[in-house]
J.: 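Here it is: the structure, laid out below.
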Protein chains: 2
Amino acid sequence: MSPPRSNTKDAILDTAESLLQERGFNAFSYQHISEQLGVKNAAIHYHFPNKAGLGVAVIERYNRNFHDWVARHQQRGTKPLAMLRGYFAIPLRFMRDGQKACPLGVLEAEFGAIPDPMRDAVRTLDADIRGFLSEALEQGRQQAVFQFNGTAQDKALLVVSALQGALQISRAAGTKAFMTVIRQIERDLGVEEQRDKISSQSLLVSR
Amino acid sequence: MSPPRSNTKDAILDTAESLLQERGFNAFSYQHISEQLGVKNAAIHYHFPNKAGLGVAVIERYNRNFHDWVARHQQRGTKPLAMLRGYFAIPLRFMRDGQKACPLGVLEAEFGAIPDPMRDAVRTLDADIRGFLSEALEQGRQQAVFQFNGTAQDKALLVVSALQGALQISRAAGTKAFMTVIRQIERDLGVEEQRDKISSQSLLVSR
DNA sequence: GTCTATAACGTGATAGAC
DNA sequence: GTCTATCACGTTATAGAC
């Protein structure tokens with residue numbers, strides 16, 4: 001159902017997504033992409049006639065990938081705590097992969113300066129991520145692996161907000177800040193501190 | 001010690017700060033400022049020769065204002081809970097004042113695309129804000145008005161992260177999201193739900 | 001599908017008159 | 001301290017050859 005996918009098109013999306021996370025939407029250009037890709041900017045305009053369309057495509061692909069990830073875990077019957085940690089691992093990878101920010105956070109920070117179609121795509125992505133997390137938290141509470149007050153929706157919103165903020169703050173304050181927030185979130189969910197987390201422990205000691 | 005402060009200079013800083021919060025650093029220009037101010041862009045270059053300097057000036061003034069605010073409350077002997085809520089009121093004002101984002105969050109989201117001197121200023125601001133909040137939380141814990149696990153520094157980082165993220169998310173998801181996060185933060189600090197918060201209660205009901 | 005060439009415009013910034 | 005005028009450059013985007 002999708003055979004003639006051009007190789008370049010995906011490469012453009014990869015590069016655009018990466019640049020978006022590094023620089024934000026308004027600070028990367030067709031030139032940046034074309035240079036990194038070794039291709040002329042006209043080629044990019046062939047695949048994505050205008051920048052708004054490219055932006056929307058990046059967000060929608062990101063959301064599709066997220067849905068696939070969720071579906072994969074649901075099929076496997078991944079348990080709530082592993083689900084939560086698998087979710088934490090996503091921004092964690094961003095941070096380790098060159099201090100990237102979360103696309104959602106970047107676009108919401110630039111919300112007043114992005115095209116309307118992108119705003120819609122952002123809203124959808126936000127709703128989908130929170131929907132997923134709400135479910136995981138609610139399941140975990142029912143299985144008594146998480147404890148928290150208020151609705152799962154409210155708690156999910158807090159967790160998503162904290163992760164998004166922490167990832168940004170880590171760009172200024174360093175990796176440790178992000179690990180700290182993850183640890184604090186787990187603490188606040190009543191998840192016991194793990195005994196075998198050597199790296200986390202050393203982080204604790206170092207301040 | 002500071003008598004000949006040009007009126008225009010402050011007006012430029014006001015406008016730049018506002019534009020920064022609405023559009024981000026890379027999506028506002030000297031033209032935007034000059035149009036809003038009814039002044040030519042050369043006048044702005046007279047006060048701030050380059051954009052990086054303007055950016056730094058905005059951040060540093062913001063930090064000075066924050067310090068003044070803290071000092072004012074410390075002199076008054078404001079109690080921890082009122083301190084916390086006074087702090088919440090800052091981003092709350094941003095949101096109500098045209099869906100503005102927090103300057104810190106915006107700049108950290110754009111961190112890969114802002115000049116070096118601005119990065120330094122951002123790091124300082126971040127450290128100062130968290131320092132203040134850590135103190136307030138620690139005081140509150142000692143007075144048994146807040147309950148939380150972990151160090152006050154860790155909890156402060158979580159709270160700052162959550163507020164920053166929530167303010168951004170609210171641009172896409174609406175005001176309610178921000179109120180929800182504030183309520184959840186208070187819940188997680190063991191602050192009792194207020195009986196007289198009619199608006200908050202109706203928010204709860206509406207979802 | 002990718003290229004060269006170019007258009008039309010916004011950007012940060014400077015020189016010099018007033 | 002603000003203006004007019006202008007510059008060099010980067011931006012998104014298009015036309016048309018290959």
Side-chain angles (χ1 to χ4, degrees), chain A residues 2-20 22-59 61 106-107 110 112-119 121, chain B residues 2-20 22-59 61 106-107 110 112-119 121:
Chain A
S2 57
R5 263 288 148 74
S6 141
N7 196 358
T8 307
K9 191 163 188 171
D10 286 334
I12 292 169
L13 288 172
D14 290 341
T15 310
E17 183 175 303
S18 193
L19 283 165
L20 172 71
E22 286 161 8
R23 304 181 52 86
F25 184 73
N26 289 297
F28 84 81
S29 68
Y30 276 63
Q31 270 200 37
H32 287 123
I33 303 176
S34 63
E35 278 165 20
Q36 281 200 27
L37 232 55
V39 106
K40 300 300 168 184
N41 74 56
I44 302 170
H45 277 285
Y46 169 79
H47 292 284
F48 301 96
N50 60 69
K51 204 185 172 190
L54 172 59
V56 170
V58 167
I59 303 167
R61 188 185 68 154
V106 170
L107 292 167
E110 297 186 283
I114 61 174
D116 248 353
M118 286 181 63
R119 290 189 196 176
Chain B
S2 54
R5 257 295 143 72
S6 143
N7 197 359
T8 307
K9 190 163 188 171
D10 286 334
I12 292 170
L13 287 172
D14 290 341
T15 310
E17 182 174 302
S18 193
L19 283 165
L20 173 70
E22 286 162 7
R23 305 181 50 87
F25 183 73
N26 290 296
F28 84 81
S29 68
Y30 277 63
Q31 269 200 36
H32 287 124
I33 301 175
S34 62
E35 280 166 19
Q36 281 200 28
L37 232 56
V39 104
K40 300 300 168 185
N41 75 56
I44 302 167
H45 277 284
Y46 168 78
H47 293 283
F48 302 96
N50 61 67
K51 205 184 171 190
L54 173 58
V56 170
V58 168
I59 303 167
R61 189 185 67 155
V106 169
L107 292 166
E110 297 185 284
I114 60 173
D116 249 353
M118 287 182 63
R119 290 190 197 176

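Numbers restart at 1 for each chain; the letters A, B, ... are given by sequence-line order, proteins then strands. This structure is a prediction, so every number in the text was calculated from the model and none was measured. Every heavy atom of this structure was used, including side-chain atoms; hydrogens, water molecules and symmetry mates were not.
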J.: For B/F48 and C/dT14, give me the distance from atom CZ to atom C1', rounded to whole Å.
T.: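 Between C1' of C/dT14 and CZ of B/F48: 18 Å.
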J.: Calculate the interatomic distance between A/I44 atom CD1 and D/dT11 atom P; express it in whole Å.
T.: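 That distance rounds to 12 Å.
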J.: Is a donor on one side and an acceptor on the other found under 3.5 Å between the side chain of B/K51 and the backbone of B/N26?
T.: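 Flag not set: sc B/K51 to bb B/N26 has no pair under 3.5 Å.
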J.: Taking B/D14 first and then B/R61, would you say they form a salt bridge - that is, a charged N and a carboxylate O separated by under 4.0 Å?
T.: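 Looking at B/R61 together with B/D14, the answer is yes, because their closest N to O distance falls below 4.0 Å.
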J.: What integer distance in Å separates A/I12:CD1 from C/dT2:P?
T.: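 To the nearest whole Å, that distance equals 7 Å.
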J.: On the nucleotide D/dT2, are OP1 or OP2 found under 4.0 Å from the side-chain N or O atoms that B/Y46 carries?
T.: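 For D/dT2, neither OP1 nor OP2 has a side-chain N or O of B/Y46 closer than 4.0 Å.
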J.: Check the distance between D/dT2's C1' and B/N7's CG and give it to me in whole angstrom.
T.: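 About 14 Å, once rounded to whole Å.
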J.: Keeping B/S34 on the side-chain end and B/Q31 on the backbone end, is there a donor-acceptor pair under 3.5 Å?
T.: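 Checking the backbone N and O of B/Q31 against the side chain of B/S34, a donor-acceptor pair under 3.5 Å is found.
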J.: To the nearest Å, give me how far apart CG (B/N41) and C1' (C/dG12) are.
T.: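 In whole Å, C/dG12 C1' and B/N41 CG are 9 Å from each other.
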J.: So does A/Q31 get a side-chain nitrogen or oxygen closer than 4.0 Å to the phosphate oxygens (OP1/OP2) of D/dT11?
T.: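 For D/dT11, OP1/OP2 do have a side-chain N/O of A/Q31 under 4.0 Å.
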J.: Select one nucleotide: of C/dG1, C/dA13, D/dT11, the one nearest the side-chain heavy atoms of A/S29.
T.: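 The listed nucleotide nearest to A/S29's side chain is D/dT11.
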J.: Any donor-acceptor pair under 3.5 Å linking the side chain of B/H47 with the backbone of B/I44?
T.: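 Side chain of B/H47 to backbone of B/I44: no pair is present.
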J.: When the distance from NE2 of B/H45 to C1' of D/dT6 is rounded to whole Å, what number comes out?
T.: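 The distance from NE2 of B/H45 to C1' of D/dT6 comes to 13 Å, rounded to the nearest Å.
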J.: Does OP1 or OP2 of C/dG12 have a side-chain N or O of B/K51 closer than 4.0 Å?
T.: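 The answer is yes; a side-chain N or O of B/K51 sits under 4.0 Å from OP1 or OP2.
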J.: Given D/dT11, D/dC3, C/dT11, identify the nucleotide with an atom nearest to the side chain of B/H32.
T.: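 Side chain of B/H32 sits closest to C/dT11.
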J.: Does NZ or CZ of A/K40 come closer than 6.0 Å to the centre of the six-membered ring of A/Y46, within 45° of the ring's axis?
T.: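 Because its charged atom misses either the 6.0 Å distance or the 45° angle limit, A/K40 does not stack over A/Y46.
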J.: Expressed as a whole number of angstroms, how long is the span from B/D10:CG to D/dG1:P?
T.: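 B/D10 atom CG is separated from D/dG1 atom P by 12 Å.
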J.: Measure CD1/B/I33 against P/C/dG10 and give the value in whole Å, please.
T.: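 Checked: the CD1 to P distance equals 17 Å.
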J.: Ignoring backbone atoms, establish whether A/Y30 has a side-chain N or O less than 4.0 Å from OP1 or OP2 of D/dT11.
T.: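 Indeed not, no polar side-chain atom of A/Y30 lies that close.
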J.: Does OP1 or OP2 of D/dT2 have a side-chain N or O of B/T8 closer than 4.0 Å?
T.: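 So the side-chain polar atoms of B/T8 do come within 4.0 Å of the phosphate oxygens OP1 or OP2 of D/dT2, strictly under.
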J.: Give a yes/no answer on whether the side chain of B/H47 brings an N or O atom under 4.0 Å of OP1 or OP2 in D/dT2.
T.: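 B/H47 to D/dT2 OP1/OP2: side-chain N or O found under 4.0 Å.
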